Structures are given as structure tokens and as C-alpha cells.
There are 2 protein chains.
Amino acid sequence: MKKTILIIEDEEDLLELLEYNLQKEGYETLGFLNTKNVEKCLQEESIDLLIVDRNLPGMEGSEFVQTLRQKGFSQAVIFVTAKNSDTHVEEGFLRGCDDYVTKPYNMKELLLRIKAILARTAPQSNSKLSYRDLVLDLEAHTLHVNTKEVELTKLEFDLLRTLIENKHSVLSREFLLEHVWKSDDFFQDKTVNVAINRLKAKIDPIREKEYIKSVWGVGYSLC
Amino acid sequence: MKKTILIIEDEEDLLELLEYNLQKEGYETLGFLNTKNVEKCLQEESIDLLIVDRNLPGMEGSEFVQTLRQKGFSQAVIFVTAKNSDTHVEEGFLRGCDDYVTKPYNMKELLLRIKAILARTAPQSNSKLSYRDLVLDLEAHTLHVNTKEVELTKLEFDLLRTLIENKHSVLSREFLLEHVWKSDDFFQDKTVNVAINRLKAKIDPIREKEYIKSVWGVGYSLC
DNA sequence: TTAAATCATTACAATATGGTAACATAAAAA
DNA sequence: TTTTTATGTTACCATATTGTAATGATTTAA
């Protein structure tokens, strides 16, 4: 399993260079030019480490990390920044980083520091399922549609989960009754229709994107 | 429980200074002037972290660490050394250190780096758990809500602790009965409802902040 | 093109679930 | 001992959820 690294760096050239080198090392990367949307991403994706510049537009990087820590995010953080005075470094650590690298930096060293930290930080296996812009967090029991959280009932959640787990098959009503309702002979086929309908309405209220298609005479599948 | 740090440093003045500062921070220290007897000590004592100079009489520090790693010792290691070139640093990490600090160093920064590494390698054995403005002191067995102390019973404490330890997951009543009550088949699900309710009333009597949410048909989680 | 079959949508009722208070019992403290 | 505290259980009510039936739309096939 690839480890995922999230980078917040407002200088686009630097961001690109970093992403290039990290990907070459075998990491997944997610680049951000500012702190906007980062928190959402942390909730939805399984991030192993953050690389954060301190001079960011809008918000100071270390303050941002401090608020993340207060909210309970415990992912590893490395500050990569031009703020290189003793007091800056101390401030950085007090706000919750795991390592502090000053610009200009040696890329090899940074990669080694990342490796060292990732070897220590416990692999948090937050299991997730996704399909297109739907992200199902099985532990938090949440659905995010294009980064926006959507509330689902248990039945709807189980239904969508089954659909995503079998995204390449058309699932018959019988199959769904067995796997989602756990009993195929107590309920009617129509029950599935209504449940699918309700699910559709929740994940795509204005019917702009077609997620679920019905296959005439067979059942339902993701499209 | 105090954390123990083993130091290998051949300059006696530096060793003393380091031990003095580490002890002031509340660590146990064990100083060595060379690598002799260090391995024996690692086997006998419970060492949390090693601070190692690279220029040592008899053996090069990073090579020594490399042999330790090969023998299966996995304690955290920080090199503190005058060998400060890029290639030296890279070599240090490749031989298995967790952090690399070059001489002359800033004592405050070193202490912070030690703390950051220990937070990852010797996790919360005696520390605190927190979520938003809730702080659970596992040693003192107390809860502070926004710095104000709130009395909890043992059950309530264990319940909140389990919730915070799994802050990103929805916990089923079954799971909670197993982990908090230690027996899932002797108690009923409703027992959890009532316990959660009592906990809610204690940490937020006027229901102004929502800490615990119930997920219909699934269980409870922090929100 | 038309009729039958299948599906979508809506409204409504039945059911399951959760919150709360009251009570009972056990454990701890006085 | 008595008194207090902690905690499990039960009952009752409010509400979220979900099955079903009714109705209208769509698709298929003769």
C-alpha cells in the first residue's frame, strides 16, 4: 500500500518539484497552494504525512497545524520553511510538528527524514471505499460527495457500500435483499426500488450526475 | 513513568551539559563515553531513546547504530555530531537514525526534537488524551472541560476514553460493551444509551456544544 | 402502435430506534 | 449500621426510518 503525503506550499514551482520527487520515491501526493480544503481532505482521504510551508496566503502554516492538532488530527507533520531562526524552529515544534526543515533544503535529506518519520508513525488503516467522487468512510460511517458530506441512513449506507464493492456487476434485487436486508424472502422486490430511489435522491438531489443505473429486467449497478 | 535516554558522547563537558538539561526536563539519563557496554545496557534497561555522537573512540557512532539495528534494536536514535555535510547526514539516516542534529546545536531545539520523537515512539503510556476542549488525564484520572475540572465516574471515564481513542470511528453498542463493560453478552444495548446520556449531561450540562452524536442504527461517535 | 411488463415517485402507515426519567440494586462511604 | 453514590433495567414517548401500496412514467416486444 502506497503512503500518501499532503503538501501545502504556495510557490507552485516548489510544489511541483516536491511532488515530482515524492512520486519518484513511490508516494501518493496531494498538493495544495493554501490551507483551504485541507481539513476536508484529511477527513476524507487517508493521509500519512503533511509537508507544510509556514508562509502561506491567508494563514500561517504552523498555526494551521496547531488548530489541526487541537481538533484531533494526529498525522505526522514536517514544516519546510524559510523561517529558520531558533525561535521559529522552537515555535514550530511547540505547535506540533514532527520535524522541521529549513529552506533551502537538500532534497535527499528531506526524503530520508520523511522515510524515518513514516517508519515510526503507526499505519492508521482508515478503511475507505470510493467510486468517482463518492467516498465512503467505513469507520466514520460517512459519505462524502465531491468533498461535501452527505448524511445517509444505515440502510442507504449499506446499500451504497454493496454497490461500490461490486461496482463492475449488475446486482439483482434478490442479491441486494440478501446482502443488504439479510433476508431475501421476507421483503418484496419493490422495496429495493424505493431504497435505491431514496439513495439516488440523497447523493444526487438535482440529478446532474448519474451514479446508479437500473438495468431493465436485471437489477441495479453503478454506471 | 519517566522516559530514559541513553547518551553516547566522548566529550565529558558536553555529556554533562546534556545530562543536566535532560534531567531538568524530567528524563532519566544514562551517559557513556564510548560504545563499550552500551549494548548490554540496552538489553537490561528500558531505554526509550539514544543520543549518539558520531566521532567516538574505537567505533564510528553511526556504524555502531547500524549494527544495533541489524541486531534488532529498535529504540529511537538521534545523532548529535559535528559531521554536518549533506553526505554525512544522508549516511546517518541510511544507518537508521530518527533525527540528525549538527553541532553546535541549540539546546532548546534538541529538547523539542527529543520530545517530538518520543511522542511517536513511546506513545501516550502516561500522557493525556484530548478532543476539542476535553482533556482526559489518564494518570490523575480527571477530565477537564475547557480547563474546568469535571468529575466523572470510572464508567464514564472509560467510556469517554474509548470514544476519544477512536475519535474518527462510529462505535457500535456491542463494541462499547466489549471494551468499556468488558462483556458484550451480559449487558443490554440500552445500557449504553443511558451511560452515554449520563456522560453527555456531565460534560455539557446545558447542551451548548455537541460532543457526542448518535448515528442512527449504528452507534455513537464524537462529532 | 399498443399492451404488458417493469420501474420511478409519492404518500402513508408500521416499525425500529433512541432519549429520558423513574426505579431497583449494588457498591462505597460515612 | 445508615447514607450516599454508582449503575443496570424498565417504561414511556418522540422521532427517524423504512416497507408497502397506489399512481404515473418508461421500456419492451408483439
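Residue numbering restarts at 1 for every chain, and letters A, B, ... go by the order of the sequence lines. None of the values given here were measured: they were computed from a predicted structure.
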Exercise for the section: May I ask you to evaluate whether T153(A) reaches the phosphate of dT18(D), defined as a side-chain N or O under 4.0 Å from OP1 or OP2? Expected result: yes
Handout entry: Euclidean distance, atom CD1 of residue I212(B) to atom P of dG18(C) [Å, nearest integer]
Key = 15 Å
Practice task
Check whether any side-chain N or O of W181(A) sits under 4.0 Å from OP1 or OP2 of dG19(D), and answer yes or no.
Solution key: yes
Handout entry: Which residue lies more 5' along DNA chain C, comparing K200(B) with V218(A) via nearest heavy atoms
Key = V218(A)
Handout entry: Short side-chain N/O contact to dC7(C) OP1/OP2 from N193(A), under 4.0 Å
Key = no
Practice task
Check whether the side chain of R173(B) and the base of dG18(C) form a donor-acceptor pair under 3.5 Å.
Solution key: no
Fill in the blank from the handout: Rounded to whole Å, the CD1-P distance (I196(B) to dG19(C)) equals 9 Å
Problem - Base dG8(D) to side chain R198(B), donor-acceptor N/O within 3.5 Å cut-off - result: yes
Fill in the blank from the handout: To the nearest angstrom, the NZ-P distance between K182(A) and dG19(D) comes to 14 Å
Fill in the blank from the handout: Among the nucleotides dA8(C), dA6(D), dG8(D), whichever has the atom closest to the side chain of Y220(A) is dA8(C)
Problem - Spacing of F187(A) atom CZ relative to dA14(C) atom P, expressed in whole Å - result: 16 Å
Handout entry: Length of the CZ-P vector between F186(B) and dA26(C), whole Å
Key = 11 Å
Handout entry: Criterion side-chain contact (heavy atoms from CB on, under 4.5 Å) against L143(A), the qualifying member of D137(A), L199(A), V150(A), L129(A)
Key = V150(A)
Practice task
Using whole Å, report how far CG of L176(A) lies from P of dG19(D).
Solution key: 12 Å
Exercise for the section: For the side chain of Q188(A), starting at C-beta, report the closest nucleotide among dT20(C), dT9(D), dA21(D). Expected result: dA21(D)
Problem - Lys/Arg-Asp/Glu bridge criterion (N-O < 4.0 Å) met for K209(B), D133(B) - result: yes
Fill in the blank from the handout: From the list D189(A), T191(A), N193(A), side-chain hydrogen bond (donor to acceptor under 3.5 Å, both in side chains) with R173(A) holds only for N193(A)
Problem - Shortest side-chain distance from K190(A), nucleotide among dT10(D), dA16(D), dC7(C) - result: dC7(C)
Handout entry: Check: F32(B) and N37(B) side chains under 4.5 Å, non-hydrogen atoms
Key = yes
Fill in the blank from the handout: The residue, G217(A) or V194(A), whose nearest nucleotide of DNA chain C is more 5′ is G217(A)
Exercise for the section: Respond yes when some side-chain nitrogen or oxygen of S214(B) is under 4.0 Å from OP1 or OP2 of dT17(C), and no when none is. Expected result: no
Practice task
Would you indicate what V215(A) reaches in the nucleic acid, counting non-hydrogen atoms under 4.0 angstrom: base, sugar-phosphate, or nothing?
Solution key: sugar-phosphate
Practice task
To the nearest Å, give me how far apart CG (D204(A)) and P (dT9(C)) are.
Solution key: 11 Å
Fill in the blank from the handout: Between W216(B) and T191(A), whichever has its closest DNA chain D nucleotide further toward 5' is W216(B)
Problem - Check ion pair R69(A)-D98(A) (N to O, under 4.0 angstrom) - result: yes
Exercise for the section: To the nearest Å, give me how far apart CG (N197(B)) and C1' (dC13(D)) are. Expected result: 14 Å
Practice task
Taking the side chain as every heavy atom from C-beta outward, state whether Y27(A) and K2(A) have any pair of such atoms under 4.5 Å apart.
Solution key: no
